[in-house]
Each structure stands twice: as structure tokens, then as C-alpha cells.
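Below is one structure, written out as C-alpha cells; the observations come after it.
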Amino acid sequence: MPAAPLGGSWRLSGRLWPTLRDPPADAEAVSHVLMVRAGLVRQLAAGLYTVLPMGLRVLRRVEAIVRQEMEAIGAQEIVMPLLHPAEIWEATGRYPLDEQFRLEDRGGRAMVLGMTHEEIITWHAAREIQSYRDLPQSWWQMHTKLRDEPRPKSGMLRVREFVMKDSYSLDRDEAGLERSYAAHSEAYARIFDRCGIAWHLVESDVGMMGGLGAHEFMAPSPAGEDVIARCPACDYAANVELATSVPIEPDFGATPAEPEPFDTPGIGTIAELSAFTDLPPARHAKSVVVVTDGGPVLALVRGEHQVHDTKLAREVGPHRPAHEEEIRGWFGADPGSLGPVGLDGVRVVADHSLAIGHYVTGANRDGVHLRGVVLGRDFAAATADLREVLPGEACAGCGTPLVLEPVIEIGNIFKLGTRYSAALGAGYLDADGHEQDIIMGSYGIGPARVAAAAIEQGHDEAGIIWPRAIAPFDVHLVLIGAPGSEAAGYADRLYDELSERGLEVLYDDRVHTKPGEKFVEAELLGCPLRVTVGKRTLPHGPLEVQVRRGREQREIALGAAANALRELWSSQA
RNA sequence: CGGGACGUGGCGCAGGCUGGUAGCGCACCUGCUUUGGGAGCAGGGGGUCGCCGGUUCAAAUCCGGCCGUCCCGACCA
């Protein structure tokens, strides 16, 4: 049987299916171009898309797979409002988030459009869950989220309004959370496998969700906004926001007894400095100045590394880059000659890698640097993981060089713990009669992103190549011949026979469309099999079949053609 | 939010410097021909040139402001 039969078969004539010959001017991402050209979606405004009938079929198939796998782990489907009273969000401190759409009702009551539903789920849990006997629970919905994104982009990959499958687990204790978390993780793995998408499970930052830990499901694609570091040998994989590695150590030579100043006229960047000193970038320490609520912070990484903002934020909290005037005031020098030695009133945080070796740093005097600077001896600093992993650095687990690759985030899972239940009073009485906070988890999938990722991973110059499970149709049947012709009669019968065998068929029975146009549009849409029925091969056959992936031509005998097509369909990815 | 680009029939674009009654391709309508890879010929319909203001006898074109969309950097299904 088809993976997710849903919409039934269609005759194409009279349907809304507007395809475009040219790529839209404002589309860049492959999935964006193809979704618009193939008549799946139309843009209303930045980050807002209308899903057309053909696109909706794809989403429905993804959703059906998600729904089956949610049912399979015992999660229960509900639907929550999109419009929320603001005070629920105030209770968890997330009301001021920039992504929140805010509005008032006619009575002046502050409301928000839901960007996610942790608060609402927890609010209900606080009322419906009384006893440890009521736990565990998993509740989920397939519903719209609204986010005032700073920058919608790449078509359906980053939008302001989208449907999310979001589920929430409620448990008595952390062991229960671990079970719910694992159940969701395994369900997600099945979902993405069934959708025919290549993916990696990676460790991730908890971000705005907060909580105890998180993972993301990442689909490799050049169009991706995230980057993961992955070990080809063991199973280590993490978002670069979190990834660690063993850096490649330079040869430090002997450590000088004390820092030695030297003139570096006009030197500003690590590259210039490295050329000037004839030492590799790894022998230098890079100074990055940010401003936090608690004042200026100097972040130090080795010259070949970049400070990763999320990592720095975990250490020092929210921050912004310092202005040049501020830097002059604190350091007495311009950016380019900054360093940690002899600093007063500036907190210094160094990457772990600086604990070994001695380094060239700025001397906090314009045009002067120090060589032989040693952490702990010449300056004091906390060490932390601040740097972004570089490709080729060793996996901390097994030593194999890591690979970095761009990815699309298609799903995520969070161990929330008690952050929301504590804030909203969602507790239960345990077996001893003690009040406990519910331990929560939250789990999201964006079906439209799954579809977009499938296109990013499956396309050629002619158009989309859908994985069979989420293609809009299983078979694209192209009739070449007028109504009443022998070809039309045969195509009508084949349409019925294929449909009876559980295949969903798009029957291109349009009368005023040229054969060439039908072929081109079929390849643009990208269903797994295209069958052509025309007088060229009738009445004796064979049927011409094109396998979309690779555009390979096959011939199928007329007798038992429907069964043969079903077999061929079953063999597709 | 910082930086860049672009807004001209449904779609893709030209015109703009050098102001003078808006053009091309596709799509659409009618007719004939055509019917296996986005058909041919003929005829036809459709645009306050993003908006507001300014300069000018005259503005798609020059100037100013605003709005919108996309791309690059800081944020997330």
C-alpha cells in the first residue's frame, strides 16, 4: 500500500495548478523556486505563503506520517488556540520576546499570537493533572505558529506563519522524561526515514526554550541555515552552537620567562599579524570585546578560531559588540592592539584552548603587541568553550577529523524540566502526598520545512524529485489524445485500475494542453512515475514509463500494466 | 537591526544617464492550421510605471521621503 494514501486520485482538467515557466524573480533557494514554479505555493507577503491544492497534498502526506507515528507512541491529539492572553506568557518571562506578535482585544486586554505552546499546555496541565496517577501524558497538535521573524528567507524554510506538529510530554520524574524523550526521538527518526529525507540527530542549544538539554534533527543541504559538526567514525554530532573538538596544536617551542613587547606598526588583523610575526594564527590570541549588562567582557580565542556568539552568551549572558570609542576608553588602544595583560575593570574569558601554550596578544597600546603571554601567569581569566569548531579538528570522542556541513533544522526535541510547570503552577501530588512539579518535554516538527528539505535534497534541472512517501501523487498519468480516442479510453481504464490498487494517480486529461507541456510539467512536479498513454504505442503497447529519479525510460507490457506499475512504484525510494 | 540590490500588464524583463502619450517574450481571448518534449499564422484585450511630495510647459525617467520584496551578517519548525 502507499505510504500515506490521502487525497485520492485526481483528473487534472479544471484544477488549480498554476505552473511557471520562469523562476520567480524574488526566489533564490532551490526549494523556493521549485515550490512556486511547480504550483505548490504562492507568496502573500514576506514569510507568508498560501498553500495551493498540489502543495497541500504534500503537506497532508507528511502530516499523515507524523500523525501515525504520534499515535504509535500513545501521544494524544488536541488543538489549542492561536490567540493567547498575554499574562500566561508573562508568567514564564517570555512575553517580551522579539518574535512575539502582540495585540489587544477590544477591551484593551493584552494578547499574543502563539509562537509556540509550552505556556498553554502547561496552563492546562496545571488544571487537569492532580495526581501521580494522571502521569505520564503526551499531548500534541498540528497547528499554526506565528513568529515575527527578524528575517524571513528562503521561501518555506523560514516563514512568519507555519504549521508545526508540537507535542509535549508530562512526567512524574526525570526517568519518565527520559522515556518520553526517547519515545519521541525514535518516532522522529521513523518519521524522517519514512519521508525519505537524509538526516542527522545532533546535540543542540536549548535556546529560548530553556531547560535541561535538546537535540535537533538536521537535513543536510547547502540551503541550510545551521551548521553541524559531525564525526564520520563515531556517532558524535552537534550543532556548531554546541560542538566541541580537539584543536590542532601548533609547535609552541620554549615558553619565554615573561611577556615581551614588540612594535607592530599598522597591524590590525590576525592575518596581518601572522604574516608580520611569521607565526601561524594558532600562536596568536584574538581579542573580541562585547558589552554585557555587567560591563565589558574580553573574549579570547586562538587566532585561527572564531568566537561563537551562542557559546559566549552561555558564559556571559546577552551581549552586543562594543563600539570603538568604548574600547578606547576601557583599553587605551584601538581594536587591533587589544590584549588581556594588565587590564583593569574588564572581565576576561578565554577559550579552553588557551590554557596550553604561550601567545602573541595586543599590548593595549596602539601598534604594540606582546609575545610569550601565558594564561594564569600573565593574566587571570576563566576558561570556557567559546570557539566555533573548525573542519578537520579532532573528534573529542575518537580523534577522527570532524566534518562540518550545512543543514536544515526539520525537527527538535527539548527536555524542558520544570521551567514551565514551576512558573505556571503545574504540579501533582506524589505517592507520599507531596506536591511536585511536572517534568516536561517539548517536541516540534515543521511539515512544510520537511517538504522544502525534501526538495533541496531531491531535484534536478527539470524539477522536483519527490521521495515516494510525500510526493503529491504516486503516478502521473499523461494522456496524449483527444477525448473519445482509443488512447483516452485506455487511459481512463488505467486510471481506475491504478486507483483501485491503492495508488494515487494524477491523470493529465487536459484537452487543450500540448504533449510537450504535459511532459515538462510532470517533471517539474516530480511524482515518482510518469506513464504516457498515446496512439504511438497503442493498441499493442508497450506503455512508456518514466522513472522520475534519473529520468530513466521503462517499457511495460499492456497486459497487467497496473500491477507492474505498482511493483515499479514499490521499488522507488 | 546594520549593509546591499530591486519595485514597469498575470509571470520574466527592456526603457531610465540624455524628461516629450510605455515596449518585448511568455501567458490570456478569437479564428484557422496543428497534436509525442512548454506549437504556427493572423487578429485582439489588458499597465494611474510601488506610494506621497518636489522640480518642470511636460516625469516611468531628475530630486526627497515613505512603503514593499529579495540577498548578506546578528535569531529559530
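Per chain, numbering begins at 1; letters A, B, ... match sequence-line order.
- Of the candidates B:C75, B:G36, B:G12, the closest approach to any side-chain atom of A:Ala25 belongs to B:G12.
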Between the protein and nucleotides 2-8 of chain B, list every N/O to N/O distance that falls short of 3.5 Å.
none

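- Close to B:C70, at under 4.0 Å from its OP1 or OP2, lies a side-chain N or O of A:Gln43.
- Residues in residues 153-166 of chain A take part in these salt bridge (Lys or Arg N to Asp or Glu O under 4.0 Å) pairs, two or more places apart or across chains: A:Lys145-A:Asp166, A:Glu149-A:Arg158, A:Lys153-A:Glu225, A:Arg158-A:Glu225.
- The same atom, C1', is picked in B:G7 and in B:C66; the two are 14 Å apart, to the nearest Å.
- Remark: A:Leu44 pairs with A:Leu48 by the side-chain contact (heavy atoms from CB on, under 4.5 Å) rule, at least two apart or across chains.
- Here the P atom of nucleotide B:C76 and the CD atom of A:Glu118 are 13 Å apart, to the nearest Å.
- For A:His184, the ring-ring contact (aromatic ring centres under 6.0 Å, His included) test picks out A:Tyr443, with sequence neighbours left out.
- Ring centroids of A:Trp10 and A:Tyr507 are separated by 6.0 Å or more, keeping the two rings apart.
- Here ring-ring contact (aromatic ring centres under 6.0 Å, His included) pairs that include residues 47-76 of chain A, with residues two or more places apart or in two chains, are A:His32-A:Tyr49.
- Taking the ring-ring contact (aromatic ring centres under 6.0 Å, His included) definition, one finds that A:His124 meets it with nothing, sequence neighbours left out.
- In this structure, A:His200 has its ring center no closer than 6.0 Å to that of A:Phe217.
- Take A:Ala198 and apply the side-chain contact (heavy atoms from CB on, under 4.5 Å) test, not counting sequence neighbours, and it matches A:Pro220, A:Gln457.
- Taking A:Asp492 as the reference, A:Arg11 meet the salt bridge (Lys or Arg N to Asp or Glu O under 4.0 Å) condition, with sequence neighbours excluded.
- Counting to the nearest Å, the P atom of B:G37 and the CG atom of A:Asp508 are 15 Å from each other.
- Here the side chain of A:Pro515 is nearest to one of B:C75, B:C70, B:G36, namely B:G36.
- Nucleotide B:G19 is matched to nothing when pairs are restricted to Watson-Crick or G-U wobble geometry with both distances under 3.5 angstrom.
- The list of salt bridge (Lys or Arg N to Asp or Glu O under 4.0 Å) pairs with a residue in residues 404-413 of chain A, not counting sequence neighbours, reads A:Arg230-A:Glu405.
- Contacts between residues 445-461 of chain A and RNA chain B, counted as heavy-atom distances below 4.0 Å, involve A:Ile445, A:Gly446, A:Arg449.
- For the C1' atom pair drawn from B:G10 and B:G47, the interatomic distance equals 11 Å after rounding to whole Å.
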Under 3.5 Å, side-chain donor or acceptor atoms of residues 519-527 of chain A against the rest of the protein: list the pairs with distances, not counting sequence neighbours.
residue, atom, partner, partner atom, Å
A:Glu521, OE1, A:Arg510, NH1, 3.1
A:Glu521, OE1, A:Arg510, NH2, 2.7
A:Glu521, OE2, A:Thr19, OG1, 2.6
A:Glu523, OE1, A:Arg551, NH1, 3.0
A:Glu523, OE2, A:Arg530, NH1, 2.7
A:Glu523, OE2, A:Gln546, NE2, 2.8

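- The base-pairing partner of B:U30, taking Watson-Crick or G-U wobble contacts with both distances under 3.5 Å, is B:A42.
- Picking from B:A74, B:G36, B:C76 the nucleotide with the shortest atom distance to the side chain of A:Asp309 gives B:A74.
- Remark: B:G36 base-pairs with no nucleotide in the shown strands. Criterion, Watson-Crick or G-U wobble with two distances under 3.5 Å.
- In the set B:C75, B:G12, B:A77, the nucleotide with an atom closest to the side chain of A:Glu99 is B:C75.
- The phosphate of B:C75 (OP1 or OP2) has no side-chain N or O of A:Lys153 nearer than 4.0 angstrom.
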Atom pairs, N/O to N/O, protein against nucleotides 38-44 of chain B, distance under 3.5 Å?
residue, atom, partner, partner atom, Å
B:G38, O2', A:Arg21, NH1, 2.6
B:G38, O2', A:Arg21, NH2, 2.1
B:G38, O6, A:Arg37, NH2, 3.4
B:G38, N2, A:Glu517, OE2, 2.9
B:G38, N2, A:Glu521, OE2, 2.7

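- Shown here, B:G47 forms no base pair; nothing in the strands shown gives a Watson-Crick or G-U wobble contact with both key distances under 3.5 Å.
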